[in-house]
Amino acid sequence: MKKSVIVLAAAALMFGSQAIAGDVAKGEQAAKKCATCHDMTNAKKNKVGPYLWGIMGQPAGKVEGYKYSSAHMEKAGSIKWDEATMNKYLESPKDFIPGNKMVFQGIKDAAERDDLISYMKTLK
Ligand code: HEC
């Protein structure tokens, strides 16, 4: 009994300051949908899409050596990839950045997006 209280308190401390507290392990599974086009490792290789290592907290359109579409770059100046912007983008990339070249319909399940974003935050 005591132990579980301590574990809960520790979890609250760890996640308390964050808006999103998804399941990182589930997020890693979800990220397989992205890995065809995105390198998510610290090898930092651009593929069809830019590498996503360290993307959380970065401004959009800034991955070195990647050639973005002009549609992406037009919006990129006003986007910083935090939890809120990434959540909107992953829900529907084509609505968040009309005309961008990421051929991905988005993730409709909010919990899955939370898990994925929590995982993406560990990629640094
Ligand atoms: C079919 C290939 C494909 C898949 C699958 C895909 N992406 Fe992309 N992604 C791209 C391309 C291409 C771009 C560049 C868009 C542009 O320049 O218009 C991009 C851009 C991005 C960006 C913007 C990066 C920046 O520097 O601004 C993020 C973030 C991103 N993708 C995340 C994801 C995530 C997370 C997934 C999985 C849920 C995913 N993508 C699935 C191809 C893909």
Side-chain angles (χ1 to χ4, degrees):
M1 193 58 177
K2 237 186 190 168
K3 232 182 196 171
S4 61
V5 171
I6 293 169
V7 170
L8 277 177
L13 273 179
M14 278 163 68
F15 298 117
S17 60
Q18 296 167 2
I20 284 182
D23 183 322
V24 172
K26 280 190 192 160
E28 190 171 1
Q29 288 300 310
K32 288 184 177 158
K33 292 180 181 168
C34 326
T36 348
C37 299
H38 292 285
D39 177 12
M40 303 188 83
T41 74
N42 65 1
K44 300 184 177 179
K45 289 218 170 78
N46 289 320
K47 304 207 302 189
V48 175
Y51 65 80
L52 295 181
W53 186 263
I55 194 74
M56 293 304 295
Q58 294 298 308
K62 292 274 194 220
V63 169
E64 221 175 277
Y66 183 76
K67 211 172 170 322
Y68 295 91
S69 66
S70 47
H72 190 88
M73 290 316 286
E74 261 168 43
K75 276 219 97 184
S78 61
I79 301 169
K80 182 179 171 237
W81 292 124
D82 56 22
E83 291 175 345
T85 53
M86 191 62 81
N87 189 39
K88 278 195 194 135
Y89 181 60
L90 294 182
E91 184 176 10
S92 179
K94 69 171 173 19
D95 289 324
F96 193 59
I97 306 182
N100 89 87
K101 64 174 179 176
M102 170 153 128
V103 185
F104 184 72
Q105 79 278 26
I107 297 173
K108 298 300 164 220
D109 183 339
E112 188 179 347
R113 291 198 306 275
D114 280 4
D115 294 342
L116 179 55
I117 291 168
S118 296
Y119 170 64
M120 288 170 76
K121 286 166 70 176
T122 69
L123 305 179
K124 60 185 178 189

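Numbering of residues begins at 1 and proceeds along the displayed sequence.
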Counting only heavy atoms not in Lys45, do more than 12 fall under 6.0 Å of its NZ? no
Does the side chain of Ile117 reach to within under 4.5 Å of the side chain of Asn87, using non-hydrogen atoms? yes
In short, Gly61 meets His72 closest at the heavy-atom pair N-NE2, 3.8 Å
Counting heavy atoms not belonging to Lys101, are there more than 12 under 6.0 Å from its NZ? yes
How about NZ on Lys108, more than 12 heavy atoms from neighbouring residues, nucleotides or ligands closer than 6.0 Å, or not? yes
What's the shortest heavy-atom distance between Ala76 and Ala60, and which atoms? CB-O, 3.6 Å
Does any N or O in the side chain of Asp39 come within less than 3.5 Å of the main-chain N or O of Asn46, such that one atom is a donor and the other an acceptor? no
Would the distance check show the side chain of Tyr68 and the main-chain N or O of Val63 forming a donor-acceptor pair, the cut-off being under 3.5 Å? yes
Go through the structure and list residues passing side chain to side chain contact (heavy atoms under 4.5 Å, CB included) with Lys80, not counting sequence neighbours. none
Quick one: pull up CD in Glu91 and CZ in Arg113 and give me the separation to the nearest 0.5 Å. 4.0 Å
Between Met40 and Cys34 the two heavy atoms that sit nearest each other are SD-CB, 3.9 Å
Are Val48 and Val103 side-chain neighbours, meaning at least one heavy-atom pair lies under 4.5 Å? no
Nearest 0.5 Å, please: how far is OG1 in Thr122 from CD in Glu28? 7.5 Å
Quick one: NZ on Lys33 to CG on Leu90, what's the gap to the nearest 0.5 Å? 10.5 Å
Distance, nearest 0.5 Å, that separates NZ of Lys62 from CH2 of Trp81: 13.5 Å
Taking atom CD of Glu83 and atom NZ of Lys121, what is their separation to the nearest 0.5 Å? 3.5 Å
Quiz question: by atom type and distance under 3.5 Å, do the side chains of Ser118 and Asp115 form a donor-acceptor pair? no
Any side-chain heavy atom of Met56 sitting closer than 4.5 Å to one from Lys124? no
State, to 0.1 Å, how close Pro93 and Gly106 come at their nearest heavy-atom pair, and which atoms those are. CD-CA, 3.7 Å
Closest approach of Lys47 and Ala35, non-hydrogen atoms and distance? NZ-O, 2.6 Å
Can you name the closest pair of heavy atoms from Ala71 and Asn100 and give their distance? CB-N, 3.8 Å
Nearest 0.5 Å, what's the CD1-CE distance between Ile97 and Met102? 8.5 Å
Phe96 six-ring centre to Lys75 NZ/CZ under 6.0 Å and within 45° of normal: yes
